[in-house]
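As structure tokens, the structure follows; a few thoughts come after it.
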Amino acid sequence: MKKLVSMILCFAMVLSIAACGGSGGTAGSGTPSPSTGSSPSSDGTETIKIGVLTPLTGASAQLGGQTVEVYQMLVDIINEEHPELAVAMAASAGITSMNGAKIELVVADHKSDATTAVSEAKRLITEKNVVAICGEFTSALAKAVAVVTEQYQIPLMVSCSSVSLTDGTNDFEWLIRYAINDDTYVKDTFDFINYLNETQNANIKTVALFSEDSEFGANLVPVEERYAKEYGFELVEKINYSSSATNLTSEVLKLKSADPDVLIMASFVSDALLFVNTCKEQQYTPNFIIGQRGGFIQSDYLDAMGDKNNYICTTGSWAADINTEVTRQMNELWANSEYNSGKIDLLDSHVKDAINLLFLAMALEKAGTTESEALRDALLHPDYDMDTLIIPWAGIEFNEYGQNTLSNGVVTQWYDGAYHTVYPASAAAMEAVFPLPEWEY
């Protein structure tokens, strides 16, 4: 790995870019030239620029900064020779089909604001000459940025989960999602509930939905309603609330009255914390909680909750206890990485976004060029060995809208300071605890 001075330079770059704000111009449009995004480094090796658009200020700044750190660790794995690692692109240094070209991250702060995200995406493309954009996005921000990447015809790699991003609703040709969408996450939720009924005689019959009202929560609700009906569960309450709410007392009292067997939540960090604290004020312990990722997989929520999060479940795409050599190595590398400034555990919220950088490097290796059409084709038709990928999906196969149809997820339950896989059975590290033990009021 690089020396400490490299880390200091990296974060100086991040801070200077974050300070720039939306300073980008709008010169030019259409497909970038084949040479866009590459330039010689000091040693003559070609450097390929990848845009990382992420929140570095604002409500999600902690997650955004952590994700950048994981990206930088992966850059070192890709750019340097690490034959001891099982992960893809580690065995040789750089992009060998392009004479060892190195990956360079160009980081920008979208501040969790759509207007800023759009202007920064344009700046990354027109001024910084990136060949692709990835990063940490909500579904609403991804839609805004996708309009820009469609105009300039460069790949946008996302892991946010709204179904409408890749179902033809928006006709995005350059948006590519290897990760799971909400349909799969919600199906996993109800499969898990059935599994509890089958293996623990849980006798779950009723569910309630508790969802914030932005693109994230609003798009989940109809999917959850559809699966609840399909699986034969009675929907006893459906509550949509503002993610900026400062009081959830009336909403919690409605849930307490409905008393669902399972509460399914789509919440961000601050509202998830507010919900739990309000439940305790009202002396209400839900029978069981399954989160739909969001705040439930972010370290600032988990740090604030501590043991109060015990036995709360969440859907996800990755867990640190997945039994693969790559997962073990990534956990160890991150635990000892110079980039892990907060000395935190590697989480699903980091991995599901950072893995897109690995897929971009694999696509560059296959394409042998930064030309946009060739890069997009390589992303949609990857050469891969599933044993070398950080997230071990069932496979990779894209539909006509840029969605990997073979990605699959897990359900995890928090206990003793970590999430543990409880579903599917083939990946389970522990048996799920049901129902939720009563909270201390």
Side-chain angles (χ1 to χ4, degrees), residues 66-67 70 73-74 77-78 82-91 159 161 178-180 184-185 187-189 191-196 198-200 290-293 296-299 302 309-337 340 343-359 362 382-397 404-434:
Q66 292 165 353
T67 303
V70 179
M73 182 181 75
L74 288 179
I77 291 173
I78 295 164
H82 292 283
E84 75 281 5
L85 297 180
V87 67
M89 301 300 297
S159 297
S161 55
Y178 280 78
I180 305 168
T184 301
Y185 283 124
K187 186 177 185 302
D188 286 345
T189 301
D191 283 339
F192 173 53
I193 294 172
N194 271 349
Y195 174 74
L196 291 175
E198 293 167 0
T199 62
Q200 296 194 31
I290 303 177
Q292 294 291 359
R293 307 155 328 275
F296 292 99
I297 61 172
Q298 295 190 31
S299 61
L302 296 170
N309 197 57
N310 275 349
Y311 307 112
I312 289 178
C313 291
T314 182
T315 54
S317 57
W318 180 86
D321 59 13
I322 290 176
N323 187 26
T324 69
E325 184 63 22
V326 171
T327 291
R328 286 190 290 273
Q329 289 180 352
M330 289 300 101
N331 285 328
E332 183 177 352
L333 282 172
W334 178 243
N336 297 293
S337 174
N340 185 2
K343 300 304 175 187
I344 61 172
D345 292 336
L346 195 60
L347 298 172
D348 181 25
S349 53
H350 310 135
V351 172
K352 70 183 180 64
D353 292 309
I355 195 174
N356 285 326
L357 179 64
L358 188 63
F359 288 125
M362 292 165 61
D383 295 333
Y384 68 94
D385 176 354
M386 193 57 68
D387 290 338
T388 69
L389 298 185
I390 302 173
I391 301 179
W393 292 311
I396 300 174
E397 184 177 292
N404 178 18
T405 61
L406 297 180
S407 52
N408 55 287
V410 295
V411 178
T412 58
Q413 189 171 48
W414 186 266
Y415 176 70
D416 196 24
Y419 274 119
H420 304 275
T421 303
V422 292
Y423 182 82
S426 59
M430 67 176 237
E431 183 179 273
V433 174
F434 177 91

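All values below come from the heavy atoms of this structure, side chains included, with hydrogens, waters and symmetry mates left out.
- When the side chain to side chain donor-acceptor pair (under 3.5 Å) test is applied to T324, the partners found at least two apart in sequence or on another chain are T327.
- Annotation: the span from W318 atom CH2 to S159 atom OG amounts to 13.5 Å, rounded to 0.5 Å.
- For Q329, the side chain to side chain donor-acceptor pair (under 3.5 Å) partners are E325, not counting sequence neighbours.
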Checklist entry - Does the pair V70 and V351 meet the rule for a side chain to side chain contact (heavy atoms under 4.5 Å, CB included), with working shown? => result CA-CA 8 Å; V70 179; V351 172; 5.7 Å; no

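- Nearest approach of T412 to A319, heavy atoms of both residues: CG2-CB, 3.8 Å.
- Under 3.5 Å, the side chains of S299 and Q66 contain a donor-acceptor pair of N or O atoms.
- Judged purely by distance below 3.5 Å, without hydrogens or angles, the side chains of T315 and R293 pair a donor atom with an acceptor atom.
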Checklist entry - Please walk me through it: do Y178 and S407 pass side chain to side chain contact (heavy atoms under 4.5 Å, CB included)? => result CA-CA 7 Å; Y178 280 78; S407 52; over 6 Å; no

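- Contact annotation: the side chain of D416 never approaches that of N310 to less than 4.5 Å [non-hydrogen atoms, C-beta and beyond].
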Checklist entry - Where do M386 and I396 land on the side chain to side chain contact (heavy atoms under 4.5 Å, CB included) test, with the steps shown first? => result CA-CA 9 Å; M386 193 57 68; I396 300 174; 4.3 Å; yes

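- To the nearest 0.5 Å, atom CD1 of residue I77 and atom CG of residue L85 are 5.5 Å apart.
- Distance CD1/I391 to CD1/I322: 7.5 Å, rounded to 0.5 Å.
- Take Y419 and apply the side chain to side chain donor-acceptor pair (under 3.5 Å) test, not counting sequence neighbours, and it matches N309.
- For the pair A88 and L389, the tightest heavy-atom approach, listed with the atom from each and the gap, is CB-CD2, 4.4 Å.
- Between the Q200 side chain and the V433 main chain, no donor and acceptor come within less than 3.5 Å of each other.
- Between the N340 side chain and the W334 main chain, a donor and an acceptor come within less than 3.5 Å of each other.
- Residues satisfying the side chain to side chain contact (heavy atoms under 4.5 Å, CB included) criterion with D191, sequence neighbours excluded, are K187, Y231, Y423.
- Qualifying side chain to side chain contact (heavy atoms under 4.5 Å, CB included) partners for E397, counting only residues two or more places apart in sequence or in other chains: T405, L406.
- Inter-residue side-chain proximity for F296 and W414 is flagged as unmet; no heavy-atom pair is nearer than 4.5 Å.
- At distances below 3.5 Å, at least one donor-acceptor pair connects side-chain atoms of S349 with backbone N or O atoms of I297.
- Remark: L302 CG to L347 CG distance equals 6.5 Å, nearest 0.5 Å.
- The distance from atom CE of M362 to atom OH of Y384, rounded to the nearest 0.5 Å, is 9.0 Å.
- Looking at Q292 and T189, their side chains come closer than 4.5 Å, going by heavy atoms from C-beta outward.
- Judged purely by atom type and a 3.5 angstrom limit, N408 uses its side chain to pair as donor or acceptor with the backbone of A394.
- If you take CD1 on I355 and NE2 on H350, they are separated by 14.5 Å, rounding to the nearest 0.5 Å.
- Heavy atoms only, all atoms of each residue included: G316 and D348 are closest at CA-OD2, 3.3 Å.
- Remark: side-chain polar atoms of T199 are paired, donor with acceptor, to backbone N or O of Y195 under 3.5 angstrom.
- Although no hydrogens or angles enter the test, the distance criterion places a donor-acceptor pair under 3.5 Å between the side chain of Q413 and the main chain of Y311.
- Closest approach of A179 and W393 over heavy atoms only: CA-CZ2, 3.9 Å.
- Using a distance-only test at 3.5 Å, with no hydrogens or angles considered, a donor-acceptor pair links the side chain of D321 to the main chain of T421.
- The minimum heavy-atom distance between V87 and I390, with the atom names listed, is CG2-CG1, 4.1 Å.
- The two residues D345 and G417 have their closest heavy-atom pair at OD2-O, 4.4 Å.
- By the side chain to side chain donor-acceptor pair (under 3.5 Å) test, D353 is found to be paired with no residue, residues two or more places apart in sequence or in another chain being considered.
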Item to check | side chain to side chain contact (heavy atoms under 4.5 Å, CB included) between I78 and L357, intermediate numbers included | outcome: CA-CA 9 Å; I78 295 164; L357 179 64; 4.2 Å; yes

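- In this structure, P424 and V410 have side chains that are in contact, with non-hydrogen atoms separated by less than 4.5 Å.
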